[in-house]
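What follows is a single structure, written as structure tokens, with notes after it.
Lettering follows sequence order; numbering is per chain, from 1.
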Amino acid sequence: MALLQTLLLRLVTTAVTLFGVAVIVFFVIRVVPGNPIAMMLPPGATQADIDQLTALYGLDKSIPQQFLIWGLGVLHGDFGTSITLRQPVLALVLGRLPATLELSVMALVMAVLVGGAAALTGTRLRATKVEGGIDIANGMALSVPDFLWGLVLILVFGVLVPVFQISGRVTPSLQLPFVTNFYLVESIVRLRFDLTKDLLSHMFLPAVALAIPLAAIIGQLLKQSLKETMHLDYVTLARTQGYSEARVIWREALPNAILPTLTLVGVQFTFLIGGTVIIERLFSYEGLGNMAIDAVINRDLPLIQGIVILFAVIFTGVNLVVDLTYAALNPRLRHG
Amino acid sequence: MADGRSQVRRRAGVRLWLSAIWLLLLILLAIFAPHIAPKDPLEQDLFSGRLPPFWVHGADKSFLLGTDSLGRDVLSRIIFGTRIALAVAFISGTLTCIIGAGLGLLAGFYRGWVDVLVSRFIDIWMAFPPVLFSILLIAVIGPGLFSIILAIVVIDWTRFARVIRAEAMSQGAMDYVASARVAGRGKFGTMLREILPNVLPIIVVLLTLEMGIAVIVEAILSFVNLSISTDDPTWGGMISEGRTSIHQAWWVLVFPLITLFLTVLSFSQLGEGLKDRFDPVLR
Amino acid sequence: MNYLSIRNLSARVKGGGPLLRDVSLEVAAGEVRGLVGESGAGKSMIGKAILGILPKAVDITEGQILLDGTDLLSLPPAERRIRVGASCALIPQDPLTALNPSRRIGPQITDRLVHILGWTRSDAEARARALLGEVQINDPARVLRQYPHELSGGMRQRILIASAFAAEPKLIVADEPTTALDVTVQKQILKLIAGLQARHGTALVFVTHDLGVVSKVCQSLSVLYSGRVVEDTTVTDFFRAPKHPYSAALLAATPKYTDPSAGLKPVPDAVIAAVKAEVERG
Ligand SMILES: Nc1ncnc2c1ncn2[C@@H]1O[C@H](COP(=O)(O)OP(=O)(O)OP(=O)(O)O)[C@@H](O)[C@H]1O
Ligand SMILES: [Mg+2]
């Protein structure tokens, strides 16, 4: 009951936030000096041509009027038409979304595995040189953002020891049998592991760049709460029962220590997704973020709006999911 | 136990000092750039394009760290690039701090509608991918140093506001605040005289971290060709060029990257180090 | 040979002073030995040393802990862990913090039976149900499926006691098992432990402040002061005629045995000074 109430409240605030995002993007990008329509027409275009196209995209109306028309369209699933690519925004955006999702989820999985392993190892070997080393590595990883890690990775694994691809999502010459844009997932489902390998070798470095800061945060926070949990009475009691230290950490401490980390990972995951914008650019990875930068540079107003709204939906959605998971994992909340 | 902890402290101290020294060095480079830089950072020489650094075969010893595709001296451009990097760091860091911390203090201490408004804006800001947001803003207001600073302030004020709001809220609930009010101090006076000094250490730490972030944002914007003009020497612009010619002239990417890396690392280590120093206050 | 035999055990804090000084004590199979002494005397440290859960900052500098003839301190850590887990158990002080809040009661009791003693899951569960019945919990099957926060403090202490006896241990360390409970519940819990101990024939090391409890539950007694055993005696002898002046003062300070109306009297300073000097001298 209380859970349902929280959920409803969260849905309302989420809607308000999304509306705010829509208003801000919509008005901000319309302050742009220069007519995007004039930019897309060939140099010889007449004023009549420009006016005609401007009217076609509805850009001749007042800004509040435009917002109303756009808003009504969005509620019907119509995000308008991209000015530069001349296709429906929704189709374009949903076409790129899988690439970004695959990249972010891959990075998240890496971060959780590496960060989790670091935290568990650090706890198992607490107060040794190993823990000190883990702390220093975490500190370094945290101090430098994904953009710089991406550049370092390009230098090291793209140029110095060229073992991974540093550009694109897939080798362009390959024949792709895919019907969805979830290439990685589909290549596995179709058992085309040659393609999986190619996709992974493109995805690996950008994913690592995105994962490094998050892995460090997970490592640090989880280790800290694990170490605090290790002093609690029920852990001490479990230790008298004959279990190995590793099992005590895994079975007794971890389930309780993981909750604060989980909330943080949720927020941090949205930061990671935000990071895909520049990382995709850096690795010429054909995802949403890369498309967003192109849209901004080309003043493609409907496309910019669509992408920003989609990002905002993802961000708020992730936060919502995290809150619900938190409630589901915590027996005290679950049983009210 | 005791000896282990003091060892960690000492290591933190070393990092703090190294960071401070590096940043001091950068400040000196920025101030005396025209006297230190061996070449004019804008001077092009198409005949000496993409010369490697001095120790590589085929180098021209007068271009210590080589040249870019237009024959401009990499070292001189890095040195002049410090000016923009540090200007962005200090100016936008300070402005972001004043605005963000100010709003956070007001929201956290006064509560009421100010808090509702600020919190709602924070929520909305958190739903934007910050990099995309900054690129969007620059596209709107046009490139240039001023635009970059404005974009960073507009986007990052929430970093301060979030933390300081929470902190002001918990400080405001403490006894000493109530007693100051009972002693007859006005609300605004209490905020400035009682709350602010107590959150100041956190503000200083956040400010240091923010400066590192500002340097990165500038580099990212230069990287997508939205920063200053492409001629002006910026680390991000050099990195952007270096990324495209990475297989022909790695040095165009490597040296500005190392500089940027160390600078960002220093700001962040300085911030973390200060956090440790202030630890008893922060707890 | 006694089941537990601690010989000349000394321990100190890393970079600090001694915590245990030349402690020796014997517990025969099925015997209940009380450990008494003021707060900080090292009673819990002895229990922790037996069970192998001393804080990382504490080092054992000397001595042996013989369990059934084997010196635990000379065993490799993994072997020691399993041996202790299979033949010893702890009844902790605070039932509110001693159960894992995110796990159901069932596995917290049965895991040891399955993973350390190699029972089947269903045997272990049957055993858990039977023991919950023994500690007078109604509807054991339901309780096994509940989480700790759904149960009262007294219930949780019963569960912890059941869990301690579940593996038929030869030795149980009970560290002030009733201090955290309501006075009304204390008596029941004490009875429960004493009853189970007698029925199962388990040796018990019973840490307590309360000489009244000692007189009811224990057969033998070690009086500790500042990490040293100042008197090692049977309970009958102790209450009839304590040998050590500190023991006598302790006994005199407990109102119930002298004059109930007098209230708690402090141990006289002179006695403290004397015992302190004796303990430091070694
Ligand atoms: N983790 C630790 N590190 C160092 N010293 C400790 C630690 N834990 C306890 N001590 C010290 O060890 C001494 C003995 O502690 P212990 O817990 O055995 O006392 P106790 O007799 O059980 O007292 P109480 O009746 O309060 O439980 C105390 O002086 C305490 O200060
Ligand atoms: Mg104790």
inquiry  = How close do Gly242(A) and Ile82(C) get, counting heavy atoms only, and between which atoms?
reply    = O-CG1, 3.9 Å
inquiry  = Among Leu96(C), Leu90(C), Leu160(C), which residue has the highest count of heavy-atom pairs closer than 4.5 Å to chain A?
reply    = Leu90(C)
ask   = Out of Leu51(C), Leu99(C), Asp111(C), which one racks up the most heavy-atom pairs below 4.5 Å with chain A?
value =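 Between Leu51(C), Leu99(C), Asp111(C), the count favours Asp111(C).
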task = Indicate yes or no: at least one non-hydrogen side-chain atom of Arg81(C) is less than 4.5 angstrom from one of Val248(A).
result = no
key: Validation row: Pro77(C), Glu245(A) side chains within 4.5 angstrom (heavy atoms)   =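 Result no, sub-4.5 Å side-chain heavy-atom pair not found.
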For [X], does the [atom1] atom have more than 12 heavy-atom neighbours from other residues, nucleotides or ligands under 6.0 Å away?
{"X": "Lys56(C)", "atom1": "NZ", "value": "yes"}
{"X": "Trp119(C)", "atom1": "CH2", "value": "yes"}
{"X": "Phe193(A)", "atom1": "CZ", "value": "yes"}

key: Part of Arg247(A) within contact of chain C (heavy atom distance under 4.5 Å)   = side chain
inquiry  = Just verifying a value: how many Å separate Thr240(A) OG1 and Ile50(C) CD1, rounded to the nearest 0.5 Å?
reply    =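 Thr240(A) OG1 to Ile50(C) CD1: 12.0 Å, rounded to 0.5 Å.
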inquiry  = I need the Leu237(A) CG to Asn100(C) CG distance, nearest 0.5 Å.
reply    =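 It comes to 10.0 Å.
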remark   = For residues 223-234 of chain A against chain C, heavy atoms under 4.5 Å, the residues are Asp233(A), Tyr234(A)
ask   = If you check every heavy atom in residues 114-128 of chain A against those of chain C, which residues fall under 4.5 Å?
value =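 The list, in residue order, reads Arg126(A).
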ask   = Quick one: which of Ile258(A), Asn256(A), Leu259(A), Leu254(A) gives a side chain to side chain contact (heavy atoms under 4.5 Å, CB included) with Ser102(C)?
value = Asn256(A)
message = Looking at Tyr243(A) and Ile116(C), would you say the former's side chain and the latter's main chain have a donor-acceptor pair under 3.5 Å?
response =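 Absent.
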key: side chain to side chain contact (heavy atoms under 4.5 Å, CB included) between His115(C) and Gln241(A), intermediate numbers included   = CA-CA 10 Å; His115(C) 294 287; Gln241(A) 304 184 334; over 6 Å; no
